[in-house]
Amino acid sequence: MYVGLSGGIGSGKSTIASMFAKLGAEVIDADSIAREVIAIGTPGLEQVVAAFGASILDASGGIDRGFLAQLVFADRTKLTTLEQIIHPLVISRLAEIRSAAPADAVVIYDTPLLVEKQMMPDFDAVVIVLAKTELRVERLIARGLNRTDISNRIANQATDDERTAAATFVIHNDGSLLEAEAQVAKVWSALTS
Ligand code: ATP
């Protein structure tokens, strides 16, 4: 079973993903995979350097992520180029991980852009984490992000209605961790029954 997990920034995706992992899910984090496929020593890194030049490397020979982010977010063509390099690498890495998982495993792909990129058909089920905007802002401020950045990111993401429409299961993460855990347990038993 292949399950997509998503939610807006600060909704608690990673928190919910670890709850599923504790119950036995194999969780794959999209951001980690995207970093892994262009890590030092990978063909992905070579492709990124071929496209953008060696100035995107830091002193250790890895990608200077801040610099690359500045570059691609200032220029849509560059962003597309980067996505065209990373996307197929991520897809083949995911295929590898999924084929290595036991047939009865519940593999959960935690990806922030599931709804924005309309990835719903890839999955057997989609779990969406929702939390009220004020709460998400509070949680993210506590994590050191600033209010303007948070508002910009929220404005650029899918809305809660769009996410709900894409969901097989919705987890409301506005309460305590225990309350979230109870909902995760219910979804888990539906997924594994
Ligand atoms: P991002 O979009 O930035 O990756 P995320 O959606 O993965 O964020 P988390 O990192 O899981 O969100 O949660 C954001 C913060 O809120 C974390 O510090 C986490 O510990 C806290 N948090 C998540 N859920 C709860 C909860 N139910 N009660 C209290 N704190 C929570």
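Ligands are counted one by one from 1 in listed order, and the atoms in each one are counted from 1 as well.
Scanning for ring pair (Phe, Tyr, Trp, His ring centres under 6.0 Å) contacts around Phe169 gives an empty result, with sequence neighbours left out. Legend: residues meeting ring pair (Phe, Tyr, Trp, His ring centres under 6.0 Å) with Tyr2, ordered by chain and number and at least two apart, are Phe123.
A salt bridge does not link Glu134 with Arg139: none of the charged nitrogens is closer than 4.0 Å to a carboxylate oxygen.
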Give every donor-acceptor pair under 3.5 Å between a side-chain atom in residues 184-191 and any protein atom, sequence neighbours left out.
from	atom 1	to	atom 2	distance (Å)
Ser189	OG	Lys186	O	3.1

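Side chain of Glu179 to main chain of Ser176: a donor-acceptor pair is present (N/O by atom type, distance under 3.5 Å, no hydrogens or angles).
For a heavy-atom separation below 4.0 Å, the residues in contact with ligand 1 are Gly8, Ile9, Gly10, Ser11, Gly12, Lys13, Ser14, Thr15, Arg139, Arg143, Asn173, Gly175, Ser176, Leu177.
A donor and an acceptor atom, one from each side chain of Asp161 and Thr159, are nowhere located under 3.5 Å apart.
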